[in-house]
Visitor: 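Questions regarding the structure given below will be posed in turn.
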Amino acid sequence: MMDLKRPQFKKPGPDDFYARLRREVEETVLTNPKYRRRNVVKSLFLLAVYVFFYCSILIWGNTTHMLFLGYMFTGFAMMVLFINAFHDSVHSALFKKPWQNRMFMNVLALFGSSPWLWEKRHMHLHHPYPNVQHWDIDIKQSDIIRIFPESKWLKFHRLQHFYMWFIYPLYSLNWLYIRDFKDFFGTADNYVRRLYSIPKKEYFKLFAAKVFNLFYLIGIPMLVLDQPWYVIVCGWLLMHVSASIIGVVALISTHVDEDAVFPSTPQDGKFDITWAEHQMLVTKDFSTGSTLANFLYGGFTHHVAHHLFPNVGHTYYPAITPIIRRYAAQHNLPYTNYPFYKAVRSHFRLLREKGSGENLLKNGEL
């Protein structure tokens, strides 16, 4: 990536499956307005649930077990809100008008994160190039874990399928208090800064969001509750563990299982498959038949539909996925749908394989 030569996918031909797939989806699914209304109602409901659980900390938090329960459920609500509402809004898929989605994204400051930064990481690097080394920085996040076949192998990676059980529950803490600052200020392997000039106002917004987040989640409870400071901090840490457990299931179940494909960028940067074929190759679904999983994880359970239709809200996906499965069968394209527990198990098998120091994963194309 040193020369910043962007990968290019093959142009689709006249018989491309994706053109016909998209036309059918537009004519049979996207014309139904009930799916968008359902998405908006759900998102506002989840925001209200988050506010309710936060208020429960202040109302009942003088009882220690209620304090911990309040923080735990606030963490659950935080991640579910992010996975559903904020994920759709960054794709301009929640509300009809772009400015409404941008305004809703600003609520992400409640969580202490940077909407500008997350949009660059997710929309401009992950979605165009999922599972492509050096470009998909949603997957390549830290040398603590080795996933890509071409990543440097370190001796401690032999144990990554053990120690990541203890690191993954700290995911949201890493995201907010390490990775954000690394992307804003770091120099080594800083893919965001290599490609984008960070506006000065975004530095101010970053720090303001962190301070605001810590103030209302730790500072205000310390001011209004009759609890020792360390009890409140422990509750706050429990919140992040709860959020991380929910979030990590979505993150590890969609692109990084033991059968994952990590195509290497050709020397000339030109892949011999189309963008849509690439999305089918590297993306998996999980628990699509579960009502609870679909409610909690939004566009992550039907993740193939999300990658093929990234600007469509997740409430449309259960109606789109059967069409995708049909086209996949007709055109001999890969499609996988795991129960979530199998997806998680498969991810840790991947970690064991990659930790061995050998390039055991597939590294190819259709």
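The basis for the numbers below is simple: all heavy atoms, side chains too, and nothing from hydrogens, waters or symmetry mates. By convention here, the first residue in the shown sequence is residue 1.
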Visitor: Taking the six-membered ring for Trp and the single ring otherwise, decide whether the centroids of F286 and F340 are under 6.0 Å apart.
Guide: no
Visitor: Distance-only, no hydrogens or angles: does the N213 side chain make a donor-acceptor pair with backbone N or O of L110 under 3.5 Å?
Guide: yes
Visitor: Look up atom CG in D16 and atom CD in E277, then write down how far apart they are to the nearest 0.5 Å.
Guide: 6.5 Å
Visitor: Counting C-beta onward and ignoring hydrogens, is there a side-chain heavy-atom pair between K205 and S114 closer than 4.5 Å?
Guide: no
Visitor: Taking the six-membered ring for Trp and the full ring for Phe, Tyr or His, determine whether the centres of Y18 and Y327 are under 6.0 Å apart.
Guide: no
Visitor: Partners of R121 by side chain to side chain donor-acceptor pair (under 3.5 Å), sequence neighbours excluded?
Guide: D180, D183
Visitor: Under 4.0 Å between a side-chain nitrogen and a carboxylate oxygen: does that hold for E24 and R20?
Guide: no
Visitor: Run Y317 and F309 through ring-ring contact (aromatic ring centres under 6.0 Å, His included) and show every step you take.
Guide: CA-CA 9 Å; Y317 294 156; F309 299 91; 7.8 Å; no
Visitor: Please lay out, stage by stage, how F73 and F52 fare under the test ring-ring contact (aromatic ring centres under 6.0 Å, His included).
Guide: CA-CA 10 Å; F73 284 112; F52 169 79; 9.8 Å; no
Visitor: Mark yes or no for whether E119, through its side chain, and W116, through its backbone, hold a donor-acceptor pair below 3.5 Å.
Guide: no
Visitor: Go through the steps to decide whether D138 and Y129 satisfy the test side-chain contact (heavy atoms from CB on, under 4.5 Å), and finish with yes or no.
Guide: CA-CA 10 Å; D138 270 8; Y129 318 111; over 6 Å; no
Visitor: Looking at Y177, I'd like to know if the NZ or CZ of K210 sits under 6.0 Å from its six-membered ring centre while staying within 45 degrees of the ring's axis.
Guide: yes
Visitor: Apply the side-chain contact (heavy atoms from CB on, under 4.5 Å) test between M280 and each candidate in T274, L308, I273; give the one that qualifies.
Guide: L308
Visitor: Aromatic rings H303 and H255: how do their planes relate, parallel, tilted or perpendicular, breaks at 30° and 60°?
Guide: perpendicular
Visitor: Run the numbers on H314 and H306 for ring-ring contact (aromatic ring centres under 6.0 Å, His included), then give the verdict.
Guide: CA-CA 7 Å; H314 74 270; H306 173 60; 9.4 Å; no
Visitor: Suppose we call two aromatic rings close when their centres sit under 6.0 Å apart. Are F53 and F76 close by that rule?
Guide: no
Visitor: Enter the distance from M105:CE to L94:CG here, rounded to the nearest 0.5 Å.
Guide: 11.0 Å
Visitor: Are D285 and Y338 linked by a side-chain donor-acceptor pair shorter than 3.5 Å?
Guide: no
Visitor: Could you tell me the separation between the CH2 atom of W118 and the CH2 atom of W175, rounded to the nearest 0.5 Å?
Guide: 7.5 Å
Visitor: Roughly how far, to the nearest 0.5 Å, is OG1 of T315 from CG of N32?
Guide: 10.0 Å
Visitor: Y163, L170: one ILVMFWY side-chain cluster at the under-4.5 Å cut-off?
Guide: yes
Visitor: Does the pair V344 and F348 meet the rule for a side-chain contact (heavy atoms from CB on, under 4.5 Å), with working shown?
Guide: CA-CA 7 Å; V344 172; F348 280 92; 4.0 Å; yes
Visitor: Consider only side-chain N and O atoms of S92 and N311, and report whether a donor and an acceptor are under 3.5 Å apart.
Guide: no
Visitor: Can you tell me how the ring of F184 sits relative to the ring of Y203, calling it parallel under 30°, perpendicular over 60° and tilted otherwise?
Guide: perpendicular
Visitor: Has K270 got its NZ or CZ under 6.0 Å from the middle of the six-membered ring of F9, at an angle within 45 degrees of the ring axis?
Guide: no
Visitor: What residues form a salt bridge (charged side-chain N to carboxylate O under 4.0 Å, His left out) with R38, not counting sequence neighbours?
Guide: none
Visitor: Less than 4.5 Å apart, side chain to side chain, heavy atoms only: is that true for L58 and P221?
Guide: yes
Visitor: Regarding S264 and E150, do their side chains bring together a donor and an acceptor under 3.5 Å, going by distance alone?
Guide: yes
Visitor: Hey, does the side chain of K42 reach the backbone of F295 with a donor-acceptor pair shorter than 3.5 angstrom?
Guide: yes
Visitor: Ring-plane angle category for H91 and H127, please: parallel below 30°, perpendicular beyond 60°, tilted otherwise.
Guide: perpendicular
Visitor: Just how far is it from atom NE2 of H302 to atom NE2 of H307, taken to the nearest 0.5 Å?
Guide: 14.5 Å
Visitor: Do F82 and H87 pass the ring-ring contact (aromatic ring centres under 6.0 Å, His included) test, and can you show the C-alpha distance, the side-chain angles, and the key distance before you say yes or no?
Guide: CA-CA 6 Å; F82 177 82; H87 187 218; 7.4 Å; no
Visitor: Applying side chain to side chain donor-acceptor pair (under 3.5 Å), name anything that partners Q227, two or more places apart in sequence or on another chain.
Guide: T64
Visitor: Taking the side chain from H161 and the backbone from E353, do they hold a donor-acceptor pair closer than 3.5 Å?
Guide: no
Visitor: Take I323 and T28, measure what side-chain contact (heavy atoms from CB on, under 4.5 Å) needs, and give me the verdict at the end.
Guide: CA-CA 10 Å; I323 303 175; T28 62; 3.8 Å; yes
